[in-house]
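What follows is a single structure, written as structure tokens, with notes after it.
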Number of protein chains: 2
Amino acid sequence: MHDSPEPGLRERKRAQTAEAIHMAAAELALERGLDATTIDAISERADVSTRTFFNYFSSKEDAVLGIDETAVSLELERVRDYEGDVLASTFDLIYALFEASGGGQKNKALTRAVIKKHPQLMTRQMVRVAELEDRLSAIVAGWLSSEAAFAADSDEARLDEARVILGICLATVRVSMKRWAMHGDADPGATGAASAPSPSPSGAPADPRQTYERAIASLKTVLEKLS
Amino acid sequence: MHDSPEPGLRERKRAQTAEAIHMAAAELALERGLDATTIDAISERADVSTRTFFNYFSSKEDAVLGIDETAVSLELERVRDYEGDVLASTFDLIYALFEASGGGQKNKALTRAVIKKHPQLMTRQMVRVAELEDRLSAIVAGWLSSEAAFAADSDEARLDEARVILGICLATVRVSMKRWAMHGDADPGATGAASAPSPSPSGAPADPRQTYERAIASLKTVLEKLS
DNA sequence: CTGCATTATTTCACTCTCTGCATTTTTACA
DNA sequence: TGTAAAAATGCAGAGAGTGAAATAATGCAG
């Protein structure tokens, strides 16, 4: 994640402003609720004009989530090492995408708290993935080329299959995050991984990363049961 | 779909008005584009006040899609016969849900045309399913109870598994609809069903129902390849 | 057919989101 | 230090969406 040796004052200030707006939005949403939080209020607390707000975020929801489209693009262009497991790698991809939100520091905890209070924001994340579907599925399709079972398919077929796989993983993440949002810690065996050994101990703190790992196990269990 | 022998004048008029607004919205979206279509314009063409518009639909998108929440609720409360195939039944469920949009007549063709021009509306459909997730997954979970592989799970685990399955099917439908939206007819074998016999001939008219059947085949193929 | 209760429709006033444009301030760099 | 690029701001305005009160249409009992 080391961008350049010299971020420069300009970029530093820009990141700083974005962070301020994001924090203000998240705090206000937590204090008085998402609907009761106006962009005027966010801008005031962040000490910028409302017009400047829209120079950084395209909506209130994006500000709360701290969605930085530049960071997302950078993340997607990053070369990814493919580890041989399509599902696991796709989960990693989605994970990286979600992490491109929420600022840079440990105020991610704040963002998570807001998401817990307002599940609609989770839906917003899903929409984001849907919007990026073309780019994401292209990456997954690239991985599929080196998989024996998919190597014989045409490029177009592989792209469709990549879309399905992406959707499958996203669906699983969705469920995991929903569970995570409802009760911060989840029963280890309640996610359908009853027959699979759960990698994390019970009562674990609410870390999305662990959620994803549980999600993989959960998905594979369901797939087995369905076949 | 026979509601009651006597709908009554009031309800008839209500359905009529909803239809008028829906038609106006779809037509305008097709003529001048979705963004260039204002609620004022829709209301004017439908010959109602803009305030009345919001008594029927909660947004421009819903009006274009003809989303009637009452119809959706009725559809969901309908008793469903479970045929023994979780995936197929779930696809049917999603299909029914989507069909609860688009008015009642053959102006569904109009709605479809608009969706083709504005894929964002498809995303809106996905969001709808996400909003109804609780109710939908409860239905699927009910089906799972009678499946040997899931019978031993707890109710909670089954609900999570139902959510995953719902998400998987939805993802597949998404892909199929995307393909359908891009080129009205799809190459029979290009959806990843290269190894499965395609049920519909090539060059078929753009019927979502067929799309779903292809989607099932597509999904099963991917699942096989992944395992 | 008439009066009354219910429901729909409309009008009005209002808040909030978001955009384009012109202006001013700040930063970068030669 | 001077200048060009970038960012911040103020302003004007369109569009979405809501609440409340007034008005019209409908259903129903008598």
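Quick caveat, the model's predicted, so the values are computed rather than measured. Here is the naming used below: chain letters follow the sequence lines, and residue numbers restart at 1 for every chain.
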| said: Can you identify which nucleotide, out of C:dT9, C:dT17, D:dT9, has its nearest atom closest to the B:T52 side chain? | reply: C:dT9
| Selection from D:dT26, D:dG15, C:dT9 that lies nearest to any side-chain heavy atom of B:N55 | C:dT9
| Can you check the B:F57 CZ to D:dT18 P distance for me, whole Å? | 15 Å
| query | Quick check: does any side chain N or O of B:K117 sit under 3.5 Å from a backbone N or O of B:G33, one acting as donor and the other as acceptor? | reply | no
| query | A:K60 side chain: which of C:dT17, C:dT9, D:dG17 is closest? | reply | C:dT17
| field | Out of C:dC18, D:dG17, D:dA8, whichever nucleotide has its closest atom nearest the side chain of B:F54 | value | D:dG17
| task | Between D:dG15, C:dT17, D:dT9, spot the one nearest the side chain of A:I39, thanks. | result | C:dT17
| If you look at every strand shown and take non-hydrogen atoms under 4.0 Å, does B:S59 touch a base, only sugar-phosphate, or nothing? | sugar-phosphate
| message | Which nucleotide, if any, forms a Watson-Crick or G-U wobble pair with C:dC16, using both distances under 3.5 Å? | response | D:dG15
| request: Write down the distance between CD (A:E44) and P (C:dC16), rounded to a whole number of angstrom. | output: 13 Å
| Quick one: CZ on B:F98 to CE on B:M122, what's the gap to the nearest 0.5 Å? | 8.5 Å
| Whole-Å distance between C:dC18 C1' and A:E61 CD? | 13 Å
| message | As a test of reading the structure: which of D:dA16, C:dT10, C:dC18 is closest to the side chain of B:S49, going by heavy atoms? | response | C:dT10
| field | 5′-ward residue of the pair A:R14/B:T37 relative to DNA chain D | value | A:R14
| Looking at CD1 of B:I168 and CZ of B:F91, how far apart are the two atoms once the value is rounded to the nearest 0.5 Å? | 9.5 Å
| message | For a quick test of reading the model: is some side-chain N or O of B:Y56 closer than 4.0 Å to OP1 or OP2 of C:dA8? | response | no
| task | Ignoring the backbone of B:V48, work out which of D:dT9, C:dT27, C:dT10 is nearest its side chain. | result | C:dT10
| note | Of the listed C:dT6, D:dA16, C:dC12, the closest approach to the B:R51 side chain comes from C:dC12
| query | How many Å lie between NZ on B:K13 and C1' on D:dA25, as a whole number? | reply | 7 Å
